[in-house]
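Within every chain, numbering begins at 1; the chains are lettered A, B, ... in the order of the sequence lines, protein sequences first and strands thereafter. Keep in mind that this is a model prediction, so the values were computed, not measured.
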Protein chains: 2
Amino acid sequence: MNSQEEIADFIRNGSQYYLPHLSIDSVIFGYHNQQLKILLLKWIGYNGWGLPGGFIQRREPLSEAANRIVQERTGLEDLFLQQFHIFGDSPYRLQERSVREFTEKYGLDVGADEDNWLFERTLSVGYFALVDYFRVSVRTDIFTYDYQWWDVGEIPPLLFDQNEVVEKALATLRLQIYHQPIGYNLLPEKFTLPEIHSLYETILGKELDGRNFSKKLVALGLIKKLDERRAIGPHRSPYLYQFEKDAYEDALKQGIVHTY
Amino acid sequence: MNSQEEIADFIRNGSQYYLPHLSIDSVIFGYHNQQLKILLLKWIGYNGWGLPGGFIQRREPLSEAANRIVQERTGLEDLFLQQFHIFGDSPYRLQERSVREFTEKYGLDVGADEDNWLFERTLSVGYFALVDYFRVSVRTDIFTYDYQWWDVGEIPPLLFDQNEVVEKALATLRLQIYHQPIGYNLLPEKFTLPEIHSLYETILGKELDGRNFSKKLVALGLIKKLDERRAIGPHRSPYLYQFEKDAYEDALKQGIVHTY
DNA sequence: TTTTTAATAAGTAAAATTTACGGAATGGTT
DNA sequence: AACCATTCCGTAAATTTTACTTATTAAAAA
């Protein structure tokens, strides 16, 4: 979708291709520089930041829609995606960006705002994705003109009720931290003890004793030490570790113990 | 809604009052005779059982819709309700009951099936409710002609993909058992140790040592012994207990320990 | 080449929690 | 008064969690 005709068609007739009243908001988590981050976009027609999102095609399974939306945005295959909530308590969650403003920008005439499907009440299905920060290559498109990774502690005001969406995603992540393959998806294939340690501290927002933390992961056979180390500036080089996928997944099924 | 005109209007023009493509399915859990049960209804036009459910009014917050639907069905105020998933992976989840069949039963003419909003693709938001079995008085209505409580282990084949909905509700209940006020909502105000013990065993599907279980609940100050007992046939009368609401809710926030 | 620096790595003992387990007491019925 | 099915209770062993300090190392600077 990039020609003017296609855009005008989307705005005018989008509800023929997509389910009206429903959208998907995706909270894409990455981890970089000891910080948990999410990906935000600048949307055309709204002077601020918002979550990546999109609509569900008329005959498209919901989970495929979420996959498609995040995949197109990040370039990643094999996404870890999880639905966490549907937001529908603001019946007046209308598009704050004006369709008119948006279309004028492109010199289109698509009729009155009030009649447009984009202006109707929309419930939004929240998905979060856990991605390897270093493998993402963000694509903006005709509807978005900028992107940026933001620390979860410093999220700016977002479109609609999307700040609530982010909060809920974070709360879910914390709640499920010992039931979801968080480290596996958020860290690169090979990582150091300090990295995974700090990841868990960041998500939980509290300190964890490093010795006990790594002792436990190793004792449970969830990670294994490799014979390589990573060069990190002027200091002692940490060893690299790797997840033991099978043991890790077994442990998650039962829920790893609650504390480290 | 009970006159023929109202029903015909609902079928013909329902999408003026309700959001199309969306519905709510509610899994209403109760506990009776040491069994965890859910409430099922017989829907007109479908020869079998289905979940209580309904539609979302155009300007009605989602959670209010869920409340309204379960409240009307059970007669209960102050419901404990929780959204647990949105089901939208079957784009072909069409109504298996025929609108025609349904309307013929009432001698109405409402046009072709294909054009009817009830026949379009519908995503369903799953809510579960935890209710006190003894306080429920089920109301059937013009769309439903029978109801019954079913053991969760013996759920019959349901409408659409609703068996999956029930499975997911159960899985969520198990996962959140130590984070949700399950006992508080599923048990009557006063209950015995064997009752709450067996409730947790039923939900988790495994045995829990009774001594350790009650020891812990009491030690944590979550329940307190009353000076009353219940007469139960020819045996020793168990004492009644009551939840300590404050302590209970505090404990749930952090997630009570994992085992009893 | 040596020194300096800042980070990584590793083990043990105390405290807390969880698990395992059997026997006495009770209320109503016969 | 005896019987039965059920409630009720306490302690010891095993496991898990917590708390905590020092030696090692890689690279940069001197």
Side-chain angles (χ1 to χ4, degrees), chain A residues 33-35 177-178 183 187-188 190-202 204 206-242 247 250-252 254-260, chain B residues 33-35 177-178 183 187-188 190-202 204 206-242 247 250-252 254-260:
Chain A
N33 281 343
Q34 319 264 65
Q35 294 290 339
I177 191 167
Y178 298 118
L187 292 172
K190 298 172 181 181
F191 52 88
T192 68
L193 285 185
E195 280 168 352
I196 188 172
H197 176 215
S198 141
L199 170 63
Y200 276 77
E201 284 192 335
T202 303
L204 291 174
K206 68 177 183 192
E207 293 195 350
L208 301 170
D209 183 286
R211 281 163 296 188
N212 294 331
F213 180 80
S214 50
K215 205 188 329 179
K216 183 145 194 178
L217 287 183
V218 173
L220 292 173
L222 306 185
I223 61 176
K224 72 157 183 270
K225 192 182 198 171
L226 301 176
D227 241 355
E228 312 166 54
R229 11 184 74 190
R230 168 175 301 161
I232 49 151
H235 307 302
R236 179 173 183 177
S237 307
Y239 281 94
L240 288 171
Y241 285 75
Q242 218 172 2
D250 283 355
L252 288 172
Q254 302 159 33
I256 310 176
V257 278
H258 250 190
T259 52
Y260 279 92
Chain B
N33 282 343
Q34 320 264 65
Q35 293 290 338
I177 191 167
Y178 297 118
L187 292 171
K190 299 172 180 182
F191 51 88
T192 67
L193 284 185
E195 279 168 353
I196 188 172
H197 176 215
S198 139
L199 170 63
Y200 276 77
E201 284 191 334
T202 303
L204 291 175
K206 68 178 183 191
E207 293 196 351
L208 301 170
D209 183 285
R211 282 161 296 188
N212 294 331
F213 180 80
S214 51
K215 206 187 329 179
K216 183 146 197 178
L217 286 183
V218 174
L220 292 174
L222 306 185
I223 60 178
K224 73 158 183 270
K225 193 182 197 171
L226 301 176
D227 242 356
E228 313 166 54
R229 13 184 72 191
R230 168 175 300 160
I232 48 152
H235 308 302
R236 180 175 182 175
S237 307
Y239 281 94
L240 288 171
Y241 285 75
Q242 218 171 5
D250 283 356
L252 289 172
Q254 303 158 35
I256 310 177
V257 279
H258 249 189
T259 52
Y260 279 91

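- The distance between atom CZ of A:R230 and atom C1' of D:dA27, rounded to the nearest whole Å, is 17 Å.
- Side-chain proximity of A:N212 to C:dG11, D:dC8, C:dA20: nearest is C:dG11.
- One interatomic measurement links the two molecules: CD1 of A:I196 to C1' of C:dT8, which rounds to 16 Å at whole-angstrom precision.
- Summarising the geometry, the separation between NZ on B:K206 and P on C:dT18 is reported as 13 Å, rounded to the nearest angstrom.
- When the side-chain nitrogen and oxygen atoms of B:K225 are compared with OP1 and OP2 of D:dT7, none of them lie within a distance under 4.0 Å.
- Between A:G221 and A:A247, the closest heavy-atom pair is O-CB, 3.4 Å.
- If you check distances only, the side chain of B:R211 does reach the base of C:dG22 with a donor-acceptor pair under 3.5 Å.
- Atom NE2 of A:H197 and atom P of C:dA10 are 15 Å apart (whole Å).
- When distances run from any side-chain atom of B:Y239 to the nucleotides D:dA28, D:dC8, C:dT29, the shortest one goes to D:dC8.
- Nearest heavy atom pair, residue B:E207 against residue B:E201, reads CA-OE2, 3.4 Å.
- In this structure, B:G233 reaches the sugar-phosphate backbone alone: every heavy-atom distance under 4.0 Å involves primed, P, OP1 or OP2 atoms, never a base.
- Taking the six-membered ring for Trp and thresholds of 30 and 60 degrees, B:H197 and B:F213 have ring planes inclined between 30 and 60 degrees apart.
- Considering only side-chain atoms of B:L193, the nucleotide from D:dC8, D:dT16, C:dT8 that sits closest is D:dC8.
- For the pair A:Y241 OH and C:dA10 C1', the interatomic distance rounds to 10 Å; values are reported in whole Å.
- Side-chain contact between A:Y239 and A:L193: absent, with no pair of heavy atoms (C-beta onward) separated by less than 4.5 Å.
- Distance check: A:K224 NZ to A:L222 CG gives 12.5 Å after rounding to the nearest 0.5 Å.
- For the pair B:D209 CG and D:dC9 P, the interatomic distance rounds to 14 Å; values are reported in whole Å.
- Atom CG of A:L217 is separated from atom P of C:dA10 by 14 Å (rounded to the nearest Å).
- Mapping B:K215 and A:H235 onto DNA chain D via the closest heavy atom, the residue that lands nearer the 5' end is B:K215.
- For B:R236 against D:dT6, a side-chain-to-base donor-acceptor contact under 3.5 Å is absent.
- The nearest whole Å value for the distance from the CD atom in A:E195 to the P atom in C:dA7 is 14 Å.
- Judged by closest nucleotide on DNA chain D, B:R229 is the one of A:S237 and B:R229 placed further toward the 5' end.
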